Amino acid sequence: MAEPGDDDIDEKLLVALQRLGRLMSSRQVASDISGAAGIELSQQGVQLLRALHRSGEAPVAALASASQMDIAAVSRQLRLLEDAGLVTRSSSPTDRRVVLVDTTDSGAQVAARIRDVGLRHLSESLSGWSSSDRRRVTDLLSRLVADLQRTDIRPVEDSAERQGLREI
Amino acid sequence: VGVVPSSDLHSVERSLEQLFRLAMGRRTLARQSEAVGAEVSRAGYAVLRTLGDSGAITMGALARHCAMDPAVAARQVGSLEQKALVRTAGDANDGRVRIVELTDHGADVLSSVVELRTAFLARALRDWSDDQRGILVDVVDRLVEDLQSVPFGAEVTT
């Protein structure tokens with residue numbers, strides 16, 4: 001249970017995670033990564049190509065849901081990836097209404113290259129860490145993810161009340 | 001360059017990716033909009049957060065702080081202005097320069113979001129000791145700094 005005085009550390013953590021999030025979602029980083037991998041892709045394009053590379057052939061709707069993007073945005077990005085020869089789309093043999101998407105050989109190569117660039121960057125970033133510090137970041141981050149995944153986002157009771165007043 | 005075991009690398013990479021999806025996903029955003037009673041995009045929140053930290057600033061400075069194209073920042077500001085979350089005005093000294101700031105409503109929505117996220121984190125981490133939470137903050141801060149200081153290499157030799 002939260003105790004008095006906890007707020008401070010939670011806020012610090014929020015700021016720290018926001019910095020991490022901003023870094024990972026920054027367009028600069030996305031263009032650095034794709035630049036280093038020798039391809040010009042948007043951040044969403046990179047995200048989808050990698051998700052597809054991990055999952056293998058998948059229906060567009062499943063891909064959208066796995067990457068938490070809306071279908072319209074996914075379709076737009078897939079069109080760009082298709083034009084660049086990185087993915088193919090086809091209708092499912094069992095249900096013509098379902099569109100399946102998969103990486104082409106060159107799409108799989110690009111996805112692997114992007115992954116290598118990211119891993120190498122991470123490896124260099126962590127190279128100054130002692131092995132016990134690395135173990136610590138590994139353990140804490142996976143525990144954090146697990147705890148975030150099983151926690152619902154809902155308003156705190158008292159702020160929910162105040163919220164009611166604000167909603168005009 | 002020290003050698004980082006690949007099991008560590010893959011674990012951290014996987015966690016970062018999951019964190020990213022958790023934080024940026026549209027499900028998360030939809031829940032959040034519902035809870036604070038205002039529909040604001042991810043980029044919109046970045047603008048609100050920046051304005052919350054900076055106070056009134058020029059459009060140019062805002063775009064720089066948010067690492068957005070000026071056109072993208074202008075579009076975000078336009079949409080936030082329609083929702084009465086920010087207001088813009090010409091600079092008193094130079095009418096061509098637009099100044100942006102949060103409205104009271106915008107400041108309220110922003111603090112609701114911060115409150116919501118902090119409470120969410122507190123609930124997610126309720127089984128963690130203060131010590132463990134403190135270590136997590138240190139570790140994430142250090143990770144961000146190191147990730148920022150290392151450039152992305154041009155060629156991968158594998």
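Here the structure is a predicted model, which means the values were calculated and not measured. The figures here come from the full heavy-atom set of this structure, side chains too, leaving out hydrogens, waters and symmetry mates.
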Atom pairs and distances, donor-acceptor, side-chain atoms in residues 77-84 of chain B, under 3.5 Å, two or more places apart:
{"residue": "Glu81(B)", "atom": "OE2", "partner": "Thr88(B)", "partner atom": "N", "Å": "3.1"}
{"residue": "Glu81(B)", "atom": "OE2", "partner": "Thr88(B)", "partner atom": "OG1", "Å": "2.9"}
{"residue": "Lys83(B)", "atom": "NZ", "partner": "Glu39(B)", "partner atom": "O", "Å": "2.9"}

For the CD atom of Glu17(B) and the CZ atom of Arg50(A), what is their distance to the nearest 0.5 Å?
5.0 Å
Within a radius of less than 6.0 Å around CG of Asp94(B), do more than 12 heavy atoms belonging to other residues, nucleotides or ligands occur?
yes
Within a 6.0 Å radius of atom CZ on Arg150(A), are there more than 12 heavy atoms belonging to other residues, nucleotides or ligands?
yes
Rounded to the nearest 0.5 Å, what's the gap from CG on Leu147(B) to NE2 on His121(A)? Could you check?
5.5 Å
Does Ala63(B) have any side chain to side chain contact (heavy atoms under 4.5 Å, CB included) partners at least two apart in sequence or in another chain, and if so, which?
Ala73(B)
For the hydrophobic clusters of this structure (ILVMFWY residues joined by side-chain heavy atoms under 4.5 Å, transitively), does one cluster hold both Leu86(A) and Val99(A)?
yes
Arg14(B) portion near chain A, given a 4.5 angstrom heavy-atom threshold
neither
For a 4.5 angstrom cut-off between non-hydrogen side-chain atoms, does Lys12(A) reach Arg133(B)?
no
How long is the gap from OG on Ser149(B) to CD on Glu124(A), to the nearest 0.5 Å?
10.0 Å
Assigning hydrophobic clusters by single linkage (Ile, Leu, Val, Met, Phe, Trp, Tyr; side-chain heavy-atom cutoff under 4.5 Å), is Val60(A) placed with Leu52(A)?
yes
Flag the pair Asp141(B) / Val15(A) as yes when at least one side-chain heavy-atom distance between them is below 4.5 Å, and no otherwise.
no
If you compare all heavy atoms of Val144(B) against all heavy atoms of Ala16(A), which two are closest, and at what distance to 0.1 Å?
CG2-O, 4.2 Å
Toward chain B: residues of residues 136-147 of chain A with heavy atoms under 4.5 Å:
Arg136(A), Val137(A), Thr138(A), Leu140(A), Leu141(A), Ser142(A), Arg143(A), Leu144(A), Val145(A), Asp147(A)
Has Asp104(B) got more than 12 heavy atoms of other residues, nucleotides or ligands less than 6.0 Å from its CG?
no
Answer yes or no: is there a side-chain heavy-atom contact under 4.5 Å between Leu125(B) and Leu148(A)?
no
Taking CZ in Arg64(B) as the centre, count heavy atoms belonging to other residues, nucleotides or ligands within less than 6.0 Å. Is the count above 12?
no
Please tell me whether Met59(B) and Leu85(B) are part of a single hydrophobic cluster in this structure, the criterion being side-chain heavy atoms less than 4.5 Å apart.
yes
All heavy atoms of Trp129(A) vs all of Asp146(B), minimum pair found to be NE1-OD2, 2.6 Å
Do Val87(A) and Leu100(A) share a hydrophobic cluster (ILVMFWY, side-chain heavy atoms under 4.5 Å, transitive)?
no
Check: Leu122(A) and Val150(B) side chains under 4.5 Å, non-hydrogen atoms
no
In sequence, state the C-alpha distance, the side-chain angles, and the governing distance for Arg142(B) and Asp133(A), and then conclude on salt bridge (charged side-chain N to carboxylate O under 4.0 Å, His left out).
CA-CA 11 Å; Arg142(B) 183 173 171 202; Asp133(A) 283 353; 2.9 Å; yes
Between Leu63(A) and Leu80(A), is there a shared hydrophobic cluster once you connect ILVMFWY residues whose side-chain heavy atoms come closer than 4.5 Å?
no
Name, in order of residue number, those residues of residues 71-78 of chain A that have a heavy atom at a distance of less than 4.5 Å from a heavy atom in chain B; otherwise write 'none'.
none
Using 0.5 Å steps for rounding, measure from the CG atom of Leu121(B) to the CG atom of Leu14(A).
5.5 Å
Just so I understand: if I count every heavy-atom pair under 4.5 Å between each of Val139(B), Asp138(B), Leu9(B), Val140(B) and chain A, which residue has the most?
Leu9(B)
